[in-house]
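Everything below concerns the one structure shown next.
One-based numbering along the sequence shown. Note that the structure is predicted; figures quoted are calculated from it, not measured. Counting convention: from 1, in listed order, for ligands and their atoms alike.
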Amino acid sequence: MKYVIVGAVAGGASAAARLRRLDEKAEIVIFEKGEYISYANCGLPYYIGDVIKERNALFVQTASAFNKRFNIDVRTLTEITNIDAKAKTITAVNQTTGKEYKESYDKLVLSPGADPVRPPLPGITNEGIFTLRNVKDTDYIKSFVQQKKGKKAVIIGAGFIGLEMAENLRDLGMEVSIVEMGKQILAPLDYPIAAIAQQHIRAKGVDLLLDSTVASFEKNSSQIRVNLKSGEAIEADIVLLSIGVKPDTRLAVKAGLKLGEAKGIWVNEYLQTSDPNIYAVGDAIEFTNPIIGKSMNTFLAGPANKQGRICANNMVLGNSHRYHGSINTAIVKIFDMTIATAGTASKHLTSAGIKHLVSTTHNGSHAGYYPGAKQMSIQVAFSPTDGRLLGAQIAGFDGVDKRIDILSSVIKRNSTVYELTEVEHAYAPPYSSAKDPVNIAGFAAENILQKRASVFYWDQFGQIGENDILLDVRTKKEFEAGSIANAINIPLDSIRERMHELDKSKKIYLFCLAGLRGYFAQRILTQNGFDDVVNLSGGYQIWKTCTNEMKCVDNKVNV
Ligand code: FAD
């Protein structure tokens with residue numbers, strides 16, 4: 001059996017190694033158009049930022065070590081330019097010699113990845129405008145940054161890579177602007193969690209321009225002028241385009257393979273393309289999202305690596321190992337903050353017509369009495385009928401990774417918020433609380449589902465009528481330090497004595513700082529004959545963060 005693999009990084013290298021482990025006798029050839037195989041794409045921003053000091057640390061495997069350990073014929077600097085699916089051959093071009101040749105296969109794996117989007121804007125090909133996808137890009141950017149140390153960078157696009165680069169360039173002492181077309185950063189997130197991160201980015205001295213579109217680039221003697229559609233311009237020494245990627249389907253198209261709705265390579269549940277002898281994995285494919293039920297691309301290393309292993313199993317053992325799809329579990333470090341997501345955001349559930357409820361809770365990363373606890377905000381989206389957990393997002397500073405992994409596994413197993421209330425976690429004061437933030441997220445969601453709590457959201461203040469009561473149950477001191485227009489104040493601890501001041505026939509919108517005191521107040525009122533009481537999910541904190549951020553965007557300011 002002869003296996004040929006195109007692309008030797010995340011998906012391709014995983015598939016090749018697994019193929020060898022399953023079939024010691026097979027001939028395995030892997031082609032890579034770049035110079036390096038199996039390198040750490042995910043580490044590239046941190047090498048540019050000098051967090052990873054040694055360039056060699058980026059190389060998980062070298063071609064010769066891979067060949068030695070797995071007896072795989074590794075051909076780097078060799079691009080595959082065509083596939084003849086009928087003849088079962090590929091055309092390879094050696095980049096060094098220019099020599100073109102054909103190679104036959106019995107089974108082929110495509111793992112060509114994705115291409116950075118480079119819109120045809122005037123001036124986009126100027127020197128100093130980069131995309132970051134591979135080691136070559138990294139070397140260019142790093143040497144450019146070293147020459148320009150301490151100067152100005154403009155990052156176009158506030159996705160995961162753009163934000164990682166913003167942090168790394170800022171930590172190198174550069175002035176950094178981020179220009180993002182959307183009204184928020186990180187498109188997979190809902191606004192409240194994105195807004196928390198936005199405030200943090202601004203606090204770190206990054207100039208964050210949301211709702212801003214680039215019109216063109218101009219090169220003057222030493223700098224690049226980034227012209228925005230608004231008429232404003234920003235001067236930069238270096239520009240990084242980070243506006244997304246698209247699946248690289250060029251070879252698939254040449255081979256006549258079927259593409260899907262999301263313009264990725266179509267594969268079945270065994271990761272087999274429309275040609276039974278060709279499998280495909282990684283950024284280049286699309287697959288049905290298990291929550292929305294729609295075919296989608298996933299541009300993440302974890303799924304690519306795992307797909308590599310699954311497709312190798314199917315190629316050697318026959319189609320027996322199903323791929324179940326990715327729920328896009330992702331995490332990003334933004335300076336000292338961590339943002340993570342799993343499953344589907346509320347806004348995307350809404351677009352897909354999927355009914356759901358949302359709850360936001362804030363808790364300490366570990367017991368408050370043990371030094372160093374930091375706030376963590378968790379937003380969950382869940383089914384109003386059976387409580388199935390559909391999405392979870394977290395903003396915090398410590399322990400975000402382990403919480404998102406718990407939430408991700410609950411989503412992946414189609415389990416519910418009821419399970420969150422019982423998740424058993426390892427607890428000692430330095431690590432968590434006896435009720436972990438994940439349990440608390442579950443309690444709040446369960447209360448909503450069981451109608452013990454009723455919530456409203458930060459963007460629903462417009463629905464509060466003249467006859468309704470807006471009630472702030474924080475302390476007098478907190479109220480006087482700043483509240484929401486038209487709110488009256490009855491602190492939670494006086495609510496039993498003072499509830500006679502409230503009209504039972506009116507609807508009461510109440511809030512506290514984080515949502516917990518508001519919930520307590522709601523329980524007291526509803527058990528004392530107040531029928532229509534709703535509590536602000538995520539509290540004043542979320543309202544303030546979101547409304548501040550909206551003002552920053554509308555007024556194009558950075559505070
Ligand atoms: P790749 O790993 O991109 O490999 C494709 C390879 O195929 C490339 O090396 C390419 O040169 C080669 N190739 C393409 N066409 C041909 C051809 N015709 N002939 C020969 N070779 C070809 N994901 C995360 O989950 N977490 C992260 O923190 C994270 N950080 C990232 C940071 C950066 C800077 C980048 C660029 C990506 C990051 N990703 C991250 C995404 C992750 O790296 C990708 O999802 C993953 O590498 C996709 O694997 P793949 O095998 O599909 O493609």
Side-chain angles (χ1 to χ4, degrees), residues 4-16 29-49 52 58 60 63 74-83 90-95 103 108-116 130-138 141 155 157 159-165 168 188 240-242 244-255 264-265 267 271 280-287 297-309 311 326 328-334 338-342 401:
V4 168
I5 298 142
V6 182
V9 187
S14 289
V29 190
I30 186 163
F31 290 92
E32 170 53 54
K33 71 178 173 190
E35 199 177 338
Y36 305 99
I37 68 156
S38 199
Y39 61 84
N41 325 44
C42 310
L44 301 178
Y46 300 99
Y47 172 62
I48 292 171
I52 298 171
L58 296 172
V60 183
V74 184
R75 302 194 200 163
T76 52
L77 290 170
T78 306
E79 182 167 6
I80 304 308
T81 53
N82 205 5
I83 300 171
I90 53 164
T91 307
V93 178
N94 182 313
Q95 314 267 332
E103 189 77 41
L108 179 68
V109 180
L110 296 180
S111 186
D115 280 330
F130 299 95
T131 53
L132 175 59
R133 191 69 203 163
N134 51 35
V135 177
K136 201 168 160 188
D137 299 337
T138 305
I141 296 171
I155 292 164
F160 291 102
I161 297 172
L163 296 183
E164 287 179 349
M165 282 305 296
N168 278 287
L240 188 85
L241 292 173
S242 176
V245 292
K246 53 179 186 335
D248 183 348
T249 54
R250 282 167 291 195
L251 279 177
V253 169
K254 283 185 181 169
I265 303 172
V267 290
L271 300 170
V281 296
D283 287 358
I285 67 163
E286 61 176 76
F287 201 83
N297 309 117
T298 292
F299 302 117
L300 290 169
N305 273 276
K306 287 159 208 159
Q307 289 161 11
R309 186 170 187 277
C311 107
S326 162
N328 295 309
T329 305
I331 191 160
V332 62
K333 177 176 174 300
I334 304 178
T338 303
I339 299 288
T341 168
D401 50 348

Practice item. Starting from atom 15 (N) of ligand 1, find the nearest protein heavy-atom neighbour and note its residue, name and distance. Key: Pro112 CB, 3.6 Å
Review point. Of the backbone atoms (N, CA, C, O) and the side-chain heavy atoms from C-beta on, which set of Ala304 has a member under 4.0 Å from an atom of ligand 1: side chain, backbone, both, or neither?
Key: side chain
Study note, to complete from the structure: Numbered in order shown, the ligand 1 atoms found under 4.0 Å of a heavy atom of Leu132 are 34 (C), 36 (C)
Check your understanding: Identify the closest protein heavy atom to atom 50 (P) of ligand 1: which residue and atom is it, and at what distance?
Key -> Ser111 OG, 3.7 Å
Review point. Can you tell if the side chain of Leu110 reaches within under 4.5 Å of the side chain of Ile83, non-hydrogen atoms only?
Key: yes
Check your understanding: Looking at Ala10, which atoms of ligand 1 are within less than 4.0 Å of one of its heavy atoms?
Key -> 2 (O), 46 (C), 47 (O), 49 (O), 51 (O)
Practice item. Would you mind telling me if ligand 1 is within reach of the side chain of Ile161, the backbone, both or neither, using heavy atoms under 4.0 Å? Key: side chain
Point to revise | Min heavy-atom dist Thr78 to ligand 1 below 4.0 Å | key: yes
Enumerate, atom names and distances included, each donor-acceptor pair closer than 3.5 Å involving a side-chain atom of residues 32-45, sequence neighbours excluded.
residue : atom : partner : partner atom : Å
Glu32   : OE1  : Ala8    : N            : 2.9
Glu32   : OE2  : Gly34   : N            : 2.7
Tyr36   : OH   : Arg55   : NH2          : 2.9

Exercise for review: Could you tell me whether ligand 1 has any atom less than 4.0 Å away from a heavy atom of Asn134?
Suggested key: no
Exercise for review: Could you say whether the N/O atoms of Asp283 and ligand 1 ever approach to under 3.5 Å?
Suggested key: yes
Point to revise | Atoms in ligand 1 with a heavy atom of Gly282 nearer than 4.0 Å | key: 52 (O)
Study note, to complete from the structure: In this structure, atom 27 (C) of ligand 1 is nearest to the protein heavy atom Cys42 SG, 3.3 Å
Study note, to complete from the structure: Contact region, Leu251 to ligand 1, non-hydrogen atoms below 4.0 Å, reads side chain
**Study point:** Worked verdict on Val281 versus Leu271 for side-chain contact (heavy atoms from CB on, under 4.5 Å)
**Key:** CA-CA 7 Å; Val281 296; Leu271 300 170; 4.2 Å; yes
Revision key, fill the gap. Heavy atoms of Gln307 and Ile285 approach each other most closely as OE1-CD1, 3.6 Å
Review point. Looking only at heavy atoms, which two atoms of Thr329 and Ala342 are closest? And how far apart?
Key: OG1-CB, 3.7 Å
Check your understanding: Crowded around Lys246 NZ? As in, over 12 foreign heavy atoms under 6.0 Å?
Key -> yes
Practice item. Indicate yes or no for a side-chain donor-acceptor contact from Thr78 to the backbone of Thr76 under 3.5 Å, with no hydrogens or angles considered. Key: yes
Exercise for review: Give the residue and atom name of whichever protein heavy atom lies nearest to atom 8 (C) of ligand 1, and the separation in Å to one decimal.
Suggested key: Glu32 OE1, 3.5 Å
Exercise for review: Might you point out which heavy atoms bring Asp248 and Ala284 nearest each other, and give the distance in Å?
Suggested key: O-CB, 3.7 Å
Practice item. Would you mind checking which non-hydrogen protein atom is closest to atom 34 (C) of ligand 1, with the distance to 0.1 Å? Key: Asn41 O, 3.4 Å
Review point. Under 3.5 Å between some N or O of ligand 1 and some N or O of Ala284?
Key: no
**Study point:** Those atoms of ligand 1 less than 4.0 Å from some heavy atom in Phe299
**Key:** 41 (C), 45 (O)
Practice item. Could you check atom 23 (N) of ligand 1 against the protein and tell me its nearest heavy-atom contact, residue, atom and distance included? Key: Ala301 N, 3.2 Å
Review point. Less than 4.5 Å apart, any side-chain heavy atom of Pro247 and any of Phe299?
Key: yes
Review point. Counting both backbone and side chain atoms, is some N or O of Ala114 under 3.5 Å from an N or O of ligand 1?
Key: no
**Study point:** Nearest protein heavy atom with distance in Å, relative to atom 4 (O) of ligand 1
**Key:** Val9 CB, 3.4 Å
Exercise for review: Please lay out, stage by stage, how Leu108 and Val6 fare under the test side-chain contact (heavy atoms from CB on, under 4.5 Å).
Suggested key: CA-CA 8 Å; Leu108 179 68; Val6 182; 4.1 Å; yes
Kindly list each side-chain donor-acceptor pair under 3.5 angstrom involving residues 130-138, sequence neighbours excluded, with atom names and distances?
residue : atom : partner : partner atom : Å
Arg133  : NE   : Ala114  : O            : 3.3
Arg133  : NH2  : Asp283  : OD2          : 2.6
Asn134  : OD1  : Lys136  : N            : 3.3
Asn134  : OD1  : Asp137  : N            : 2.9
Asp137  : OD2  : Arg133  : N            : 2.7
Asp137  : OD2  : Asn134  : N            : 3.2
Thr138  : OG1  : Asn134  : O            : 2.8

Review point. For ligand 1, which atoms sit closer than 4.0 Å to a heavy atom of Ile80?
Key: 17 (C), 18 (N), 19 (N), 20 (C)
Check your understanding: For the residue pair Pro188 and Thr341, what are the closest heavy atoms and their distance?
Key -> O-OG1, 4.4 Å
Point to revise | Polar proximity ligand 1 side, Leu300 side, N/O cut 3.5 Å exclusive | key: yes
Check your understanding: Could you walk me through whether Asp115 and Arg250 pass the side-chain contact (heavy atoms from CB on, under 4.5 Å) check?
Key -> CA-CA 10 Å; Asp115 280 330; Arg250 282 167 291 195; 2.9 Å; yes
Point to revise | Protein heavy-atom partner closest to atom 3 (O) of ligand 1 - residue, atom, separation in Å | key: Arg133 NH2, 3.5 Å
